[in-house]
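Take a look at the following structure, please.
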Amino acid sequence: MLTRIYGTVFPTEEELKKHLAQLELAKEHDHRKLGRELELFTVSEEVGPGLILWLPKGNIIKEELEKWAKETESAWGYQRVTTPHITKSGLYHTSGHLPYYQNDMYPPMKLKDGGEYYLKPMNCPHHHLIYASRSRSYRELPLRLAEYGTCYRYEAAGELFGLLRVRGFSQNDAHIYCTPEQAVEEFVAVMKLHEHYYRSLGITDYYLEMGLRDPKKTTKYHGDEKMWKLAEKMMREAVSKLDIKMIEKAGSAAFYGPKIDFIIRSSTGREFATSTNQIDLYMGDRFNLKYADKDGKEKNPVIIHRAPLGSHERFIGFLIEHFGGEFPVWLSPVQAVVIPISEKFAAYGRKVSEALISQGIRSQLDDRDEKMQAKIRDAQLQKVPYMLVVGEREEKAKAAAVRLRSGKDLGAKTVTEIMETIKQIETSRIIDLWRWTAEETT
Ligand SMILES: [Zn+2]
């Protein structure tokens with residue numbers, strides 16, 4: 001019998017120590033472990049493997065992210081649409097996903113009348129049909145259609161992994177329909193949107209990976225040589241206008257064109273492919289999409305595919321590991337816990353908590369019959385950003401003693417100041433826990 005033993009060697013003890021510390025951090029930040037401890041999500045064999053059940057706390061993160069994406073993308077010129085979860089098989093023959101992509105799709109539902117429906121594995125064809133729902137002029141391009149689209153893919157059972165590889169997911173998706181002259185500029189804007197999102201979340205470690213054709217298997221791909229070369233040229237031109245490192249990978253293109261993935265690295269060193277971007281010169285023709293150009297001629301629009309925040313599932317998996325569960329205030333499921341030092345101050349504690357809730361702050365009162373230190377420890381384990389301790393002195397001063405989850409004690413602050421500060425930090429979506437300045441929000 002042959003036994004293979006793998007080993008890793010480090011040039012210095014220092015590097016070995018760093019590596020071991022990183023492994024330890026990865027274990028502590030594991031999104032499946034924290035997902036359980038912080039009650040964010042679960043899966044059930046009765047529902048099916050790879051299908052996520054979002055618990056109330058995890059769902060807050062999901063909805064906050066979605067709200068952020070909607071606000072941001074509306075400001076960046078996107079319009080929102082909604083498309084169904086199931087679709088007749090013919091659409092996937094038009095898109096070319098059938099038969100090539102069939103193994104990655106759930107088997108079809110066969111109807112009595114002979115119709116055959118699939119769970120949608122992606123949103124692209126649906127958005128193309130919305131584009132095609134009426135005639136279009138060059139004047140309305142670029143047209144940017146966005147949706148948190150819910151998709152299902154039949155990933156192999158052995159590949160499923162927590163939130164990172166699932167069978168059902170909601171994607172921060174959009175398709176941009178534009179003229180060839182607009183494509184590079186639009187693609188640059190898409191890349192800048194990624195950078196805006198990542199910067200806001202304190203993600204600084206990322207790079208691009210360009211997926212090209214496998215030169216040995218050219219029959220696997222649709223479209224002609226000219227189309228592939230042009231799409232590649234346009235994407236390279238867009239990337240050259242930005243300061244982001246890019247590597248190339250042969251064989252990982254989509255079947256209808258090259259693609260560029262954003263790879264982000266979490267604080268534990270784990271890499272996540274979050275978003276796939278494409279300048280697609282193929283599907284416009286395949287779906288017979290048209291626009292009337294300035295010269296009066298009918299032309300096919302260029303289609304840009306993008307999903308900066310990936311899917312809720314994978315992106316929240318990333319955020320859990322990146323922050324180790326210590327989410328920025330705006331994403332924290334519980335933002336403040338009010339802790340009375342004894343039962344005598346429970347009524348005042350309730351008043352403080354209710355005042356915070358009336359301002360839209362997610363606050364809870366911990367009036368359990370436990371020692372104050374135990375309550376602080378529990379709130380810290382739940383990674384709650386603010387612990388507001390109240391006793392006689394605080395009640396008299398209409399105040400609370402503020403403790404941050406980092407362990408920092410800020411002393412007594414008036415309830416008004418606490419509410420205003422938390423609200424400002426929340427609405428400006430900064431990472432800092434207490435200090436707030438206008439500069440930090442830009
Ligand atoms: Zn797409």
Side-chain angles (χ1 to χ4, degrees), residues 37-40 56-61 63-65 67-68 71 200-202 319 323-442:
E37 290 171 4
L38 303 177
E39 297 182 40
L40 302 177
K57 286 180 180 170
N59 206 62
I60 288 173
I61 302 176
E63 289 191 349
E64 286 293 336
L65 278 176
K67 196 167 109 197
W68 184 42
E71 280 172 24
S200 308
L201 289 164
L319 291 178
F323 291 117
E326 297 193 348
F327 299 106
V329 174
W330 67 280
L331 285 174
S332 291
V334 179
Q335 293 166 322
V337 171
V338 181
I339 301 172
I341 59 167
S342 73
E343 216 194 302
K344 239 169 95 185
F345 306 101
Y348 175 63
R350 175 160 293 113
K351 240 170 83 182
V352 172
S353 187
E354 280 169 1
L356 265 68
I357 291 168
S358 75
Q359 294 302 305
I361 297 164
R362 296 186 288 271
S363 169
Q364 282 181 357
L365 172 72
D366 189 350
D367 58 358
R368 289 175 303 159
D369 188 18
E370 292 279 351
K371 291 234 159 52
M372 186 184 80
Q373 288 309 331
K375 293 183 190 180
I376 289 176
R377 200 185 51 235
D378 285 350
Q380 247 157 354
L381 284 174
Q382 283 296 305
K383 327 269 187 198
V384 177
Y386 308 105
M387 282 145 265
L388 308 175
V389 181
V390 295
E392 190 174 359
R393 234 178 331 157
E394 286 78 18
E395 181 166 6
K396 271 194 186 133
K398 294 195 174 116
V402 181
R403 247 184 105 102
L404 305 183
R405 74 178 156 212
S406 57
K408 201 169 171 188
D409 205 334
L410 301 182
K413 309 262 176 208
T414 65
V415 174
T416 311
E417 187 189 346
I418 294 169
M419 288 195 302
E420 280 174 8
T421 308
I422 297 180
K423 208 60 210 162
Q424 277 172 340
I425 288 169
E426 189 205 32
T427 50
S428 53
R429 297 190 174 102
I430 59 167
I431 293 177
D432 201 292
L433 278 190
W434 193 255
R435 211 160 295 132
W436 180 86
T437 63
E439 288 87 59
E440 279 173 294
T441 65
T442 55

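The basis for the numbers below is simple: all heavy atoms, side chains too, and nothing from hydrogens, waters or symmetry mates.
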Residue set satisfying salt bridge (charged side-chain N to carboxylate O under 4.0 Å, His left out) with Glu63, at least two apart, ordered chain then number -> none
Is there a side-chain contact between Tyr386 and Val329 in this structure, where contact means two heavy atoms from C-beta onward sitting under 4.5 Å apart? yes
Non-hydrogen atoms of Ile339 and Lys375 that approach each other most closely: CG2-CD, 3.7 Å
Output the distance between atom CH2 (Trp68) and atom CG (Leu331), rounded to the nearest 0.5 Å. 8.0 Å
Working to the nearest 0.5 Å, report the span between CZ of Arg429 and CD of Glu71. 4.5 Å
Gln380 side chain near Arg403 side chain, heavy-atom distance below 4.5 Å: yes
Any side-chain heavy atom of Val337 sitting closer than 4.5 Å to one from Asp378? no
What pair of heavy atoms forms the shortest contact from Ala346 to Leu365, and how long is it? O-CD2, 4.2 Å
Nearest non-hydrogen partners of Ala400 and Val390, listed with the distance: CB-CG1, 3.7 Å
Indicate yes or no: at least one non-hydrogen side-chain atom of Val415 is less than 4.5 angstrom from one of Leu388. no
Calculate, to the nearest 0.5 Å, the distance between atoms CD1 and CD1 belonging to Ile361 and Ile418 respectively. 9.5 Å
Answer whether the closest heavy-atom distance between the side chains of Met372 and Ile341 falls below 4.5 Å. yes
What pair of heavy atoms forms the shortest contact from Leu38 to Leu381, and how long is it? CD2-O, 3.7 Å
All heavy atoms of Leu40 vs all of Ile61, minimum pair found to be CD2-CD1, 4.0 Å
Would you mind reporting whether Leu410 and Leu404 have side-chain heavy atoms less than 4.5 Å apart? yes
Can you tell if the side chain of Phe327 reaches within under 4.5 Å of the side chain of Ile60, non-hydrogen atoms only? no
Identify which one of Ile425, Thr421, Thr427 satisfies the side-chain contact (heavy atoms from CB on, under 4.5 Å) criterion when paired with Lys423. Thr427
Test salt bridge (charged side-chain N to carboxylate O under 4.0 Å, His left out) applied to Lys408 - qualifying residues, sequence neighbours left out: none
By salt bridge (charged side-chain N to carboxylate O under 4.0 Å, His left out), which residues pair with Glu37, not counting sequence neighbours? Lys33
Charged N-O contact under 4.0 Å between Lys396 and Glu392: yes
Pair listing, side chain to side chain donor-acceptor pair (under 3.5 Å) test, anchored in residues 327-350, at least two apart: Gln335-Glu426, Arg350-Asp367
Going by heavy atoms in the side chains, are Ser363 and Val352 under 4.5 Å from each other? no
Tell me the closest heavy-atom pair linking Ala336 and Leu356, and the distance in Å. CB-CD2, 3.8 Å
Side chain to side chain contact (heavy atoms under 4.5 Å, CB included) partners of Glu326, counting only residues at least two apart: Lys383, Arg405
Identify, with sequence neighbours excluded, every residue that meets salt bridge (charged side-chain N to carboxylate O under 4.0 Å, His left out) alongside Glu354. none
Quick check against the 3.5 Å criterion: does Lys413 have a side-chain atom that pairs as donor or acceptor with the backbone of Val402? no
